[in-house]
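Only a predicted model underlies this, so the values are computations on that prediction, with no experimental measurement involved.
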Amino acid sequence: MKNLMDQMNAAVMEAFAACGYDGKYARVTVSNRPDLCEFQCNGALAAAKEYKKAPMDIAQEAAQRLADSPIFAMAQAVRPGFLNLKLQESFLAEHLCQMMETENYGNEKTKQPKTILIDYGGPNIAKPLHVGHLRSAIIGESIKRMGRYVGHEMVGDVHMGDWGLQMGLIITELCERQPQLAYFDAQYEGEYPAEAPFTISELEEIYPTASAKSKEDDAYKERAMQATFELQSGRRGYRALLNHILNVSVADLKKNYEDLNVSFEVWKGESDAQPYIPAMVQKMKDDGFAYLSQGALVVDVREDTDTKEVPPCMILKSDGASLYNTTDLATIVERMENWHPAEIIYVVDKRQELHFVQVFRCARKTGLLDEDTKLTFLGFGTMNGKNGKPFKTREGGVMRLSALLSDINEEMYRKISENQTMSGEEARETAKIVALSAVKYGDLSNQSSKDYIFDIDRFTSFEGNTGPYLLYTIVRIKSILKKYEQTGKNAEGMKILPAASESEKALMLELSRFNGMIGAAFEELAPHKVCAYLYDLANAFNHFYHETKILAQEDELRQAGNIQLLRLCRGIMETCIDVLGFSAPERM
């Protein structure tokens, strides 16, 4: 269905055209003076230059044409040539009724669906997730859900760090501890055990131990580098160990991401790109793009328009080893072969921007992707503590993500338990749902590219611009609807009536803004715009709620209309929080 703004634009364009003016001047916008009007059109000011006419005269002519419009209750010309507009209450109510009756509340799917691959998560194998992984997971998941809601095929790839020296360090430490294992016998030709020779807890202890040893013991580090080389050269035992490390780590990662309500369609890592590297490198050489510089193989990616230096993209180090550049380029080759995406979106720390400038330019210059495939870098800022520095534990270390979530769950449980309205088990489950909203909304309500302060006290508050406030609003609506049903009344098939108050009309206007909102936010890769809409809608509902006797309303027709309005509000709010990656409990 046509959204409200399009219908208003069409009506004002028709009025301008009927007066002899180009319809391009008839653009309607939300009023910046809500005390005077709901919408405005400033086109008469621009049209005045072309038609050599006073802007006030043009605005008055258009206002006269709109005087009998079924859309506008007011079309008023004001100096120096603004057109102030207010919607007809009956038209707005009918528009909301159509939204209720239409799939996705009137949001049509895109007419040009694309396959879009989104690279987010980026955890390192054999290491626990920490707070540094939070933003990529939360932002990436919300953008994937937004794209899917609009109608695109969204493919999320976790892109794990499972290659390089860290694997060699783990293998070396395992060899020190259990040298008798068949994996370390180069002559062994039998089958390797199906079970891993370690648990996830042991694995998470092995890596930091090995890393610390390598910094103090040169011989140990040399053995780890040799193990890395042999792994990358295809040694059977080491490849079998890598599979064990992956299986144990991925099972744990899936559980952690599940706690965040984050999922991936593809669980691939850097190791999956390795088979594509030799042919890719050879092609770059054959085509004359790659050349040796101080022993390393590089590709120039400078452009004449650069205002600062962009170094060559290094493909292989002087010893022939690959780098992150190499792996990321080979991953593009793999993705083009498997999915032919129209776009690949990378959700990563904004401090990696130069790396991705080099990779994107190199991929395009060397023809690794189709000309019309778009590569997008979505860099996010850091999550900081109240001291303005990157979020740490009280001891100053990097905080595990599970510890952070546990702290917030406990805080929410404490607050919910204070109400003493539910059992301990229900309070625990509710606290978990509300805590996730606190974390996700606290992050997503900020523009992705900006740093922000992670303030547990503020994020877990039931007041202000927070996730718990939004959920409390949804729960309030659910409670009213449940009480209405318990009276035995039924509003099914009843219509939303024209607004009877300013607060009711304000709520209806906010609901009408939902059409196209998620699509516009997705185009900008801006989850914070969905958050801003949700907060405005929650405020509009609560203002209406405090001014209106819904269940005590004596006029049953108006009461049923209000119930339908609440159902629409609940549905739209639940759609928005689902797109953001969290849900609402039944009560709080």
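- With hydrogens and angles left out, the side-chain atoms of Asn42 and Gln40 include a donor and acceptor closer than 3.5 Å.
- Using a 4.0 Å cut-off between a side-chain N of Lys or Arg and a carboxylate O of Asp or Glu, Lys53 and Glu50 do not qualify as a salt bridge.
- Just one of Leu537, Asn539, Asn542 meets the side chain to side chain contact (heavy atoms under 4.5 Å, CB included) condition when paired with Thr473; it is Asn542.
- Looking at Lys489 and Glu485, no side-chain N of the basic residue comes within less than 4.0 Å of a carboxylate O on the acidic one, giving no salt bridge.
- Salt bridge annotation for Arg145-Glu141: present, with a cationic side-chain nitrogen under 4.0 angstrom from a carboxylate oxygen.
- Nearest heavy atom pair, residue His528 against residue Asn446, reads CB-O, 3.7 Å.
- Across every non-hydrogen atom of Phe459 and Gly442, the tightest pair is CZ-O, 3.6 Å.
- With sequence neighbours excluded, the residues that form a salt bridge (charged side-chain N to carboxylate O under 4.0 Å, His left out) with Arg335 are Asp119, Asp157.
- The pair Glu429-Lys432 fails the salt-bridge criterion, with no side-chain N (NZ, NE, NH1 or NH2) lying under 4.0 Å from an Asp/Glu carboxylate O.
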Requested in this report: Start with the C-alpha distance between Met74 and Phe39, add both sets of side-chain angles, then the distance that settles side chain to side chain contact (heavy atoms under 4.5 Å, CB included), and finish with yes or no.
Outcome: CA-CA 10 Å; Met74 182 192 85; Phe39 301 93; over 6 Å; no
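- A donor-acceptor contact closer than 3.5 angstrom is absent between the side chains of Asn3 and His95.
- Using modelled atom types, one side-chain atom of Lys440 and one backbone atom of Gly581 make a donor-acceptor pair closer than 3.5 Å.
- For the pair Thr110 (side chain) and Gln112 (backbone), a donor-acceptor distance under 3.5 Å is present.
- When the shell of 6.0 Å around NZ of Lys483 is examined, it contains 12 or fewer heavy atoms from other residues, nucleotides or ligands.
- For the residue pair Ala11 and Leu66, the shortest heavy atom distance occurs at O-CD2, 3.8 Å.
- Side chain to side chain, Glu510 and Tyr533 fail the donor-acceptor criterion of an N or O pair below 3.5 Å.
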Query raised in the report: Is there a side chain to side chain contact (heavy atoms under 4.5 Å, CB included) between Ile332 and Met336 once you walk through the steps?
Result: CA-CA 6 Å; Ile332 289 174; Met336 293 307 299; 4.2 Å; yes
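- Here the straight-line distance linking atom SG of Cys37 with atom CG of Leu85 works out to 7.0 Å at 0.5 Å rounding.
- By the 4.0 Å N-to-carboxylate-O rule, Arg558 lies close enough to Glu504 to be salt-bridged with it.
- Using modelled atom types, no side-chain atom of Ser417 and backbone atom of Arg414 make a donor-acceptor pair closer than 3.5 Å.
- Checked for salt-bridge contact, Asp451 and Arg135 miss the test: no charged N lies under 4.0 Å from a carboxylate O.
- Within a 6.0 Å radius of CD in Glu265, other residues, nucleotides and ligands contribute more than 12 heavy atoms.
- Surrounding CG of Asp68 are at most 12 heavy atoms belonging to other residues, nucleotides or ligands under 6.0 Å away.
- Using a cutoff of 4.0 Å between basic side-chain nitrogens and carboxylate oxygens, Lys478 and Glu574 are scored as salt-bridged.
- Under a 4.0 Å N-O distance rule, the pair Glu353/Lys350 does not qualify as a salt bridge.
- Aromatic pair Tyr346/Phe377: ring centres not closer than 6.0 Å.
- Cys531 has its side chain out of reach of Leu534: every pair of non-hydrogen atoms, C-beta onward, lies at least 4.5 Å apart.
- Ring geometry for Phe391 versus Phe454: interplanar angle over 60°, hence perpendicular rather than tilted (30 to 60°).
- Under 4.0 Å is where a charged nitrogen must lie from a carboxylate oxygen, and between Asp372 and Lys114 no such pair does.
- Taking each heavy atom of Ala59 and Ala44 in turn, the nearest pair found is N-CB, 3.8 Å.
- Taking both residues in full, the closest heavy atoms of Asn515 and Gly106 are given as ND2-C, 3.6 Å, listed atom of the first, atom of the second, then distance.
- Side chains of Ile518 and Asn107 form no contact here, defined as non-hydrogen atoms less than 4.5 Å apart.
- The shortest distance between side-chain heavy atoms of Phe356 and Val348 falls below 4.5 Å.
- Ring geometry for Tyr120 versus Phe264: interplanar angle of 30 to 60°, hence tilted.
- Counting only distance, with no hydrogens or angles, the side chain of Glu108 and the backbone of Met1 share a donor-acceptor pair below 3.5 Å.
- Within the model, atoms CD1 of Ile71 and CG of Leu87 stand 8.0 Å from one another, a figure rounded to the nearest 0.5 Å.
- Contact check for Lys529 versus Met517: no side-chain heavy atoms found under the 4.5 Å cut-off.
- Using a distance-only test at 3.5 Å, with no hydrogens or angles considered, a donor-acceptor pair links the side chain of Thr548 to the main chain of Phe544.
- Checking side-chain atoms of Thr466 against main-chain N and O of Ser461 turns up a donor-acceptor pair under 3.5 Å.
- Under 4.0 Å is where a charged nitrogen must lie from a carboxylate oxygen, and between Lys495 and Glu94 at least one such pair does.
- Side-chain N or O atoms of Thr102 include one that pairs as donor or acceptor with a backbone N or O of Gln98 at under 3.5 Å.
- The shortest distance between side-chain heavy atoms of Leu525 and Ile345 falls below 4.5 Å.
- We find that Glu586 and Lys482 are not joined by a salt bridge, their nearest charged nitrogen and carboxylate oxygen being 4.0 Å or further apart.
- Under a 3.5 Å cut-off, the side chain of Glu343 and the backbone N or O of Thr373 do not form any donor-acceptor pair.
- The aromatic rings of Phe16 and Tyr21 stand perpendicular to each other, their planes meeting at an angle above 60°, with 30° marking the opposite boundary.
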Requested in this report: Before giving the answer on side chain to side chain contact (heavy atoms under 4.5 Å, CB included), spell out for Asp57 and Gln60 the whole-Å C-alpha distance, their side-chain angles and the decisive distance to 0.1 Å.
Outcome: CA-CA 5 Å; Asp57 292 344; Gln60 284 177 330; 4.0 Å; yes
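- Using cut-offs of 30° and 60° on the angle between ring planes, the pair Tyr105 and Phe514 is perpendicular.
- Between Thr29 and Arg27, the closest side-chain pair of non-hydrogen atoms falls below 4.5 Å.
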Query raised in the report: Would Tyr149 and Lys144 count as a side-chain hydrogen bond (donor to acceptor under 3.5 Å, both in side chains) if you check the C-alpha gap in whole Å, the side-chain angles of each, and the deciding distance to 0.1 Å?
Result: CA-CA 9 Å; Tyr149 183 82; Lys144 183 180 78 176; over 6 Å; no
Requested in this report: Please lay out, stage by stage, how Lys374 and Ile344 fare under the test side chain to side chain contact (heavy atoms under 4.5 Å, CB included).
Outcome: CA-CA 6 Å; Lys374 187 178 178 184; Ile344 307 174; over 6 Å; no
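- In summary, Arg567 and Glu101 do not engage in a salt bridge, as defined by a charged side-chain N under 4.0 Å from a carboxylate O.
- Across all non-hydrogen atoms, the minimal contact from Ser31 to Arg33 is OG-N, 2.8 Å.
- Of the possible donor and acceptor atoms, none in the side chain of Thr430 sits under 3.5 Å from a partner among the backbone N and O of Ala427.
- Ion pairing between Arg587 and Glu426 holds under the 4.0 Å rule for side-chain N and carboxylate O.
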Query raised in the report: Going through the distances and angles, do Tyr452 and Asn384 end up as a side-chain hydrogen bond (donor to acceptor under 3.5 Å, both in side chains)?
Result: CA-CA 6 Å; Tyr452 77 98; Asn384 297 324; over 6 Å; no
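- Between Tyr25 and Ile58 the shortest side-chain heavy-atom distance does not fall below 4.5 Å.
- Remark: side-chain polar atoms of Ser136 are paired, donor with acceptor, to backbone N or O of Gly121 under 3.5 angstrom.
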